[in-house]
Number of protein chains: 2
Amino acid sequence: MVSQVDRKLITRKSLMDSALALVAEGNHYSSLSLREVAKRAGVAPNAFYRHFKDLDEMGLALADEFGLLLRLIMRQARLQGLAADSMISDSVNFYVEYVQKEPALFRFMAQSITGGSPAMREAMRNELGHFANEMVTDLNRLGILPHISVTDMNMLGHLAIQTVFGNTTEILDLPESSDNMIEAIRERCTKQVRLIFLGASDWNVQSEKQQKLEDKASRKKKMFKIK
Amino acid sequence: MVSQVDRKLITRKSLMDSALALVAEGNHYSSLSLREVAKRAGVAPNAFYRHFKDLDEMGLALADEFGLLLRLIMRQARLQGLAADSMISDSVNFYVEYVQKEPALFRFMAQSITGGSPAMREAMRNELGHFANEMVTDLNRLGILPHISVTDMNMLGHLAIQTVFGNTTEILDLPESSDNMIEAIRERCTKQVRLIFLGASDWNVQSEKQQKLEDKASRKKKMFKIK
DNA sequence: GTTTCTTGTGTACAGTTGTACACTTATTTT
DNA sequence: AAAATAAGTGTACAACTGTACACAAGAAAC
């Protein structure tokens, strides 16, 4: 005998998994139909309504699931402990690995951030924002880049996260197991993040210099006309 | 009397514009139907087939149109000539302005890069890649960052473009004419690009140092365990 | 001026969509 | 044990989908 609430959770999960499967097979979430999701889950169309009023509502539930995955990733990354010298490349590798391990959820995330309902877009942005905040907290805790203001640390976190996440679709689009391509993306991304942190290490000093330069130059503007 | 080919081009454009309008109103391109596009264009559903065999094919035509817009933007940016001291903030402002001027095409681009058909995703990536290449060419022509290798310049271009384009959806999602929000995004993005170029100015020197450091450290690894 | 070609229309049809309503079945509550 | 609740089914329907086919109107070619 199976409890009623267990049964309910099972088919709920089954519905969500079916939607993700359809997304992983190349469909866009917003072009899915309630009926094909239900069919895929082996359930009558009307059963859907016992769980969600809408595909939109189900989308938000999937966004939550993605949020859980992100938190899991962060926890694991911390537990494993990152070597100080290879922190950046390790983190990038870690991310790439997880994208390949959970292609459906990451595909869904990438789709939703630009193409979901307004509520979905906001939800996904919040998840990534939270990820960026956690990163900044860690940097502060480690005493890395102590010379940067709070606002600028947030700017930096946003930049780093966006850079890494920006590769998601490209990773997912690679033909199955073309390892050299993946390696190229991994390397490029690592370099990019490294360059970002290199810039960050000079940030405040240099930015003040730059400010003064701009003030001076605004009187006598040097212009570049290209070509 | 109107020439036959003119008439054809007119309704073709009308179809494409209708699709863009529907996208701008919040629909995802891949959830549009041939019939609603035709209806919006004031044309019988079957007329669609005289121009495209598919909504997918029309999508590629729209991608071309976006490419044209990008080229126009680049040309205009060059003609206007950028002041050397405010090159970065000017470029960011220029981009933000154009996103607001052509919201439909940019929304379409943002949707398609993560959510279009495989062919569409590739097309959009190519357009942005071309944009990045042009940027790198300009930097070389101006003699900026001459110490960076070709590969790394491409990496840098990709990073800069991705950073700027990453703000597109966020800009488009802002409530109509909330100028202070736009200003915040503009500032953050400018800072990010500035930070990137700051990192780039130190790139080669520092990266060699870092390489050596990693080699040394790989024997005696310092580990951070957070919390 | 006649024929041919091309763009767009109208009708038709089978398949799919979301959802309403009445139902079964099985678990919980009483 | 009876009654109530809840999850899932089956049928039904009107709206919409892509597209095939025959056709109209006018421009282009001859």
Side-chain angles (χ1 to χ4, degrees), chain A residues 1-23 25-62 65 111-112 115-120, chain B residues 1-23 25-62 65 111-112 115-120:
Chain A
M1 158 181 142
V2 188
S3 110
Q4 211 167 34
V5 314
D6 283 356
R7 179 66 61 197
K8 178 159 191 183
L9 286 179
I10 288 173
T11 66
R12 183 188 142 103
K13 179 116 178 56
S14 165
L15 282 167
M16 290 170 71
D17 286 348
S18 303
L20 284 180
L22 289 165
V23 165
E25 285 165 19
N27 303 290
H28 197 281
Y29 184 78
S30 65
S31 79
L32 297 184
S33 77
L34 184 153
R35 282 182 109 108
E36 68 181 326
V37 171
K39 188 182 203 173
R40 179 69 166 254
V43 129
N46 270 321
F48 185 92
Y49 295 113
R50 301 284 179 197
H51 305 272
F52 313 101
K53 85 171 226 288
D54 235 13
L55 276 171
D56 276 345
E57 195 174 297
M58 181 170 157
L60 294 177
L62 285 168
E65 200 173 296
Q111 280 185 0
S112 303
S117 68
M120 277 283 331
Chain B
M1 159 180 141
V2 187
S3 112
Q4 214 167 30
V5 314
D6 284 357
R7 179 65 62 197
K8 178 159 191 183
L9 287 179
I10 288 174
T11 65
R12 183 187 143 104
K13 179 118 178 52
S14 166
L15 282 167
M16 292 169 71
D17 286 348
S18 303
L20 284 180
L22 288 165
V23 165
E25 284 163 20
N27 303 289
H28 196 282
Y29 184 78
S30 66
S31 78
L32 297 185
S33 78
L34 185 153
R35 283 183 109 106
E36 67 181 326
V37 171
K39 187 181 202 173
R40 179 68 167 256
V43 129
N46 269 321
F48 185 92
Y49 294 113
R50 302 285 181 196
H51 304 273
F52 312 100
K53 86 170 224 289
D54 235 13
L55 275 170
D56 276 344
E57 195 174 296
M58 181 169 155
L60 293 178
L62 285 168
E65 198 173 298
Q111 282 185 357
S112 303
S117 67
M120 275 285 329

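Residue numbers start from 1 in every chain, and the chains themselves are labelled A, B, ... in the order their sequence lines are given, proteins ahead of strands.
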>> So which atom in Leu62(A) and which in Tyr29(A) form the shortest heavy-atom distance, rounded to 0.1 Å?
In response: CD1-CE1, 3.8 Å
> Rounded to the nearest Å, what distance is computed from the CG atom of residue Asn27(A) to the P atom of nucleotide dT17(C)?
Replying inline: 11 Å
>> Let me spell it out: for each of Asp54(B) and Pro45(A), pick the nucleotide of DNA chain D with the closest heavy atom. Which residue's pick is nearer the 5' end?
In response: Pro45(A)
>> If I take atom CZ in residue Phe48(A) and atom P in nucleotide dA20(C), what distance separates them, rounded to the nearest angstrom?
In response: 14 Å
> Between dG18(D), dA7(D), dC21(C), which one does the side chain of Leu55(B) approach most closely?
Replying inline: dG18(D)
> Within this structure, what is the CG-to-P distance between Leu32(B) and dT17(D), rounded to whole angstrom?
Replying inline: 11 Å
>> Of the options dG8(D), dT11(D), dG8(C), whose atoms approach the side-chain atoms of Asn46(A) most closely?
In response: dT11(D)
> Could you state the CZ-C1' distance from Arg12(B) to dG8(C), rounded to the nearest angstrom?
Replying inline: 17 Å
>> One pair to check against side chain to side chain contact (heavy atoms under 4.5 Å, CB included): Val23(B) and His28(B). What are the steps and the verdict?
In response: CA-CA 6 Å; Val23(B) 165; His28(B) 196 282; over 6 Å; no
> Please give, in whole Å, the distance from dT27(C) P to Asp6(A) CG?
Replying inline: 12 Å
> Rounded to the Å, how far apart are Arg50(B) CZ and dT19(D) P?
Replying inline: 15 Å
> Does a side-chain N or O from His51(A) land closer than 4.0 Å to OP1 or OP2 of dA7(D), or not?
Replying inline: no
>> Quick check for you: among dG18(D), dG8(C), dG18(C), whose closest atom lies nearest to any side-chain atom of Thr11(B)?
In response: dG8(C)
> Where the side chain of Glu36(A) meets the backbone of Ser33(A), is there a donor-acceptor pair that is under 3.5 Å apart?
Replying inline: yes
> Expressed in angstrom and rounded to an integer, what is the separation of Ile10(A) atom CD1 from dA7(D) atom C1'?
Replying inline: 12 Å
>> Looking only at the side chain of Ala44(A) (C-beta and beyond, no hydrogens), which of the listed nucleotides dT17(D), dT19(D), dT9(D) gets closest?
In response: dT9(D)
> Could you state the interatomic distance from CD1 (Ile10(B)) to CG (Asp17(B)), rounded to the nearest 0.5 Å?
Replying inline: 12.0 Å
> If every non-hydrogen atom of Glu65(A) is compared with every non-hydrogen atom of Met16(A), which pair is closest and at what distance?
Replying inline: OE1-CE, 3.2 Å
> Roughly how many Å is it from CZ in Arg35(B) to C1' in dT19(D), rounded to a whole number?
Replying inline: 9 Å
